[in-house]
Protein chains: 2
Amino acid sequence: MAGRTDTKTRILDAAEKLFAERGFSETSLRLITSKAEVNLASVNYHFGSKKELIRAVLARYLDVFMPTAASEIKRLHLAPEHASLNEIFSALIKPLLELNKVRNGGTIIFLQLLGRGYIESQGHLRWFITTHYGQHLTTFVQAVSASAPHIPPAEMFWRLHFTLGTIVFTMASADALNEIAASDYGEHNNTEAIIRKVIPYMAAGVAVPVTSNE
Amino acid sequence: MAGRTDTKTRILDAAEKLFAERGFSETSLRLITSKAEVNLASVNYHFGSKKELIRAVLARYLDVFMPTAASEIKRLHLAPEHASLNEIFSALIKPLLELNKVRNGGTIIFLQLLGRGYIESQGHLRWFITTHYGQHLTTFVQAVSASAPHIPPAEMFWRLHFTLGTIVFTMASADALNEIAASDYGEHNNTEAIIRKVIPYMAAGVAVPVTSNE
DNA sequence: GATTAATTTAAACGGGTGTTTAAATTGAGA
DNA sequence: TCTCAATTTAAACACCCGTTTAAATTAATC
């Protein structure tokens with residue numbers, strides 16, 4: 001081993017910030033390496049390709065978030081009383097905010113990365129997430145389904161993706177929305193405040209009775 | 001005047017399809033002009049730049065959708081009985097589906113373009129939409145606010161953006177989601193079916209009572 | 001301290017991008 | 001039919017991209 005051992009970390013730190021801000025394909029390796037103050041070629045040396053760098057950036061968060069989120073859900077679900085949807089979604093707040101301790105602004109960076117990934121790259125990231133963290137996702141889906149048993153599985157599939165869209169879009173444009181909210185309503189929300197705003201919205205939508213027609 | 005007069009139209013038709021499928025920055029002018037079977041330089045000749053082409057593509061839909069949507073809302077709002085949120089959102093279905101008559105698959109193309117625009121380019125498209133169609137947007141916001149008077153304006157601001165995120169993300173990944181739904185649940189939904197699924201979700205979320213704490 | 005493997009570096013490669021230029025072509029009005 | 005403006009075309013421009021190469025440098029091992 002030789003050289004600065006933190007070159008990989010410097011790249012990851014610079015990359016995640018830029019990826020979250022401007023998206024994956026809008027962020028060049030040259031911009032990343034100049035912000036990280038490392039050589040351009042070191043990305044390909046340490047990660048192989050840009051695609052693998054993207055996966056590594058996301059994995060660093062998913063490896064922290066997924067296990068703790070799943071265990072929070074399990075703890076809730078095994079409790080005697082049935083948890084409400086609000087409780088289940090709220091159980092994700094702590095694991096999400098834990099990411100702020102990993103890195104400054106980690107929570108919103110993670111959610112923005114997730115959204116960018118889902119929208120930009122149709123294929124490889126979705127595959128990467130479901131194959132690496134599918135078990136934890138199942139835990140979550142089962143908990144939600146159990147607490148809203150009146151929703152058929154197919155309908156629940158759609159509603160959970162509506163939910164993903166809600167949170168992911170909100171976080172992707174959180175900065176812009178916060179600016180508008182501040183100037184129009186004098187509101188100043190941090191990431192946690194926005195999450196707490198969105199949870200009742202999502203919980204109500206997921207649980208609303210299915211109407212056969214109009 | 002000389003040459004094929006429909007060159008502009010051929011460019012717009014090819015561009016909107018590709019933009020909706022792969023996003024704006026992932027779609028090169030060379031791909032657009034080859035699909036449209038026109039010369040590369042004709043884009044800059046007719047539209048000035050790629051940015052202005054993007055705006056022209058969106059304007060062609062917004063010019064049809066916005067006035068009819070606003071008039072549907074107004075018609076509903078002036079009726080004696082207060083319209084429900086479900087009715088207000090449902091009033092947008094007809095204007096949305098009208099876009100299918102403008103062009104095949106027009107509805108989903110429009111919604112996907114809207115989503116791409118909001119997520120990809122933080123600045124110029126949002127500005128373009130609010131300055132050109134702000135009056136119609138106000139009509140919509142006022143109708144929603146009137147039918148959910150228990151939601152304070154600032155909270156409504158956030159919830160309407162949650163709603164935008166829900167619909168836009170759903171449509172951006174509608175094709176992929178439909179594939180999964182078909183293979184996992186044997187469901188086959190068209191654009192209208194998805195819209196009818198998402199409306200109750202959004203209406204419930206917008207109207208859910210504000211909880212001071214947890 | 002010499003050897004060797006890991007890492008960093010500068011430079012180039014091959015290719016794709018939006019845009020511009022200037023010449024060729026087209027079609028309507030005089 | 002001639003003229004002239006609108007349009008189309010092929011080519012080039014200047015720039016950015018991810019990746020690869022080979023040499024220089026660094027740090028650990030013997």
Side-chain angles (χ1 to χ4, degrees), chain A residues 1-59 113 116-117 119-125 128, chain B residues 1-59 113 116-117 119-125 128:
Chain A
M1 192 181 291
R4 235 177 4 209
T5 61
D6 57 339
T7 297
K8 280 183 79 163
T9 307
R10 296 178 64 84
I11 293 172
L12 288 169
D13 288 346
E16 67 170 33
K17 196 164 178 295
L18 293 166
F19 283 155
E21 278 173 9
R22 20 168 93 219
F24 299 115
S25 60
E26 312 291 330
T27 305
S28 69
L29 296 184
R30 282 171 174 81
L31 181 59
I32 293 171
T33 52
S34 79
K35 291 270 181 193
E37 293 177 331
V38 301
N39 187 272
L40 167 62
S42 58
V43 171
N44 289 284
Y45 177 77
H46 283 288
F47 297 95
S49 68
K50 186 180 180 180
K51 239 178 203 167
E52 289 172 84
L53 169 63
I54 293 174
R55 286 199 282 266
V57 163
L58 254 151
L113 289 172
R116 302 279 187 195
I119 290 165
E120 274 192 40
S121 70
Q122 296 103 349
H124 77 106
L125 262 183
F128 171 74
Chain B
M1 191 181 292
R4 237 175 4 204
T5 61
D6 57 340
T7 297
K8 280 183 78 164
T9 307
R10 297 177 64 82
I11 294 172
L12 288 169
D13 288 347
E16 68 170 32
K17 196 164 176 296
L18 293 166
F19 283 155
E21 279 172 9
R22 20 169 93 222
F24 299 114
S25 61
E26 311 293 330
T27 304
S28 70
L29 295 184
R30 282 170 175 81
L31 181 58
I32 292 171
T33 52
S34 78
K35 292 270 181 193
E37 293 178 332
V38 300
N39 187 272
L40 167 64
S42 58
V43 171
N44 289 285
Y45 176 76
H46 283 288
F47 297 95
S49 69
K50 185 180 181 181
K51 237 177 204 168
E52 288 173 85
L53 170 63
I54 293 174
R55 285 198 283 265
V57 163
L58 253 151
L113 290 173
R116 302 278 188 193
I119 292 164
E120 275 194 39
S121 70
Q122 296 105 345
H124 76 106
L125 263 184
F128 172 74

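Residue numbers begin at 1 in each chain, while the letters A, B, ... track the order of the sequences.
- Here B:H46 does not reach the OP1 or OP2 of D:dA6: none of its side-chain N or O atoms lies under 4.0 Å away.
- Neither OP1 nor OP2 of C:dG18 sits under 4.0 Å from any side-chain N or O of B:S49.
- Summarising the geometry, the separation between OH on A:Y45 and C1' on D:dT26 is reported as 11 Å, rounded to the nearest angstrom.
- The side chain to side chain donor-acceptor pair (under 3.5 Å) search around A:K50 returns none, not counting sequence neighbours.
- To the nearest angstrom, C1' of D:dT19 lies 14 Å from CG of A:L53.
- Rounded to whole angstrom, the span from the CZ atom of B:F24 across to the P atom of C:dT17 amounts to 17 Å.
- Between B:F47 atom CZ and D:dT8 atom C1' there is a gap of 15 Å when expressed in whole angstrom units.
- Every residue meeting the side-chain contact (heavy atoms from CB on, under 4.5 Å) condition with A:S34, not counting sequence neighbours, appears here in chain and number order: A:L31.
- Contact of the A:I54 side chain with the A:F47 side chain is not registered, since no non-hydrogen atoms from C-beta on lie closer than 4.5 Å.
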Original post:
What one-letter contact string describes nucleotides 11-17 of chain D from 5' to 3', where B marks a base within less than 4.0 Å of any protein heavy atom, S marks contact via sugar-phosphate atoms alone, and - marks no contact?
Top reply: -B----B

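- Note: CG (A:D6) to P (D:dT26) measures 16 Å, nearest angstrom.
- Listed by chain and number, the residues in a side-chain contact (heavy atoms from CB on, under 4.5 Å) with A:A20 are A:I109, A:Q112, A:L113 (sequence neighbours excluded).
- In this structure, A:I54 places its CD1 atom 15 Å from C1' of D:dT19, rounding to the nearest Å.
- In terms of the side chain to side chain donor-acceptor pair (under 3.5 Å) criterion, residue partners of A:S49 (sequence neighbours excluded) are, by chain and number, A:E52.
- The side chain of B:N44 sits closest to C:dT19 out of C:dT8, C:dT19, D:dT8.
- Panel note: side chain A:R10, backbone A:A36; a donor-acceptor pair is recorded below 3.5 Å.
- Put simply, the side chain of B:N39 does not reach to within 4.5 Å of the side chain of B:T7, judged on heavy atoms.
- Taking atom CD on B:E37 and atom C1' on D:dT9, their separation rounds to 15 Å, with Å as the unit.
- The phosphate of D:dT9 has neither OP1 nor OP2 within less than 4.0 Å of any side-chain N or O from B:S42.
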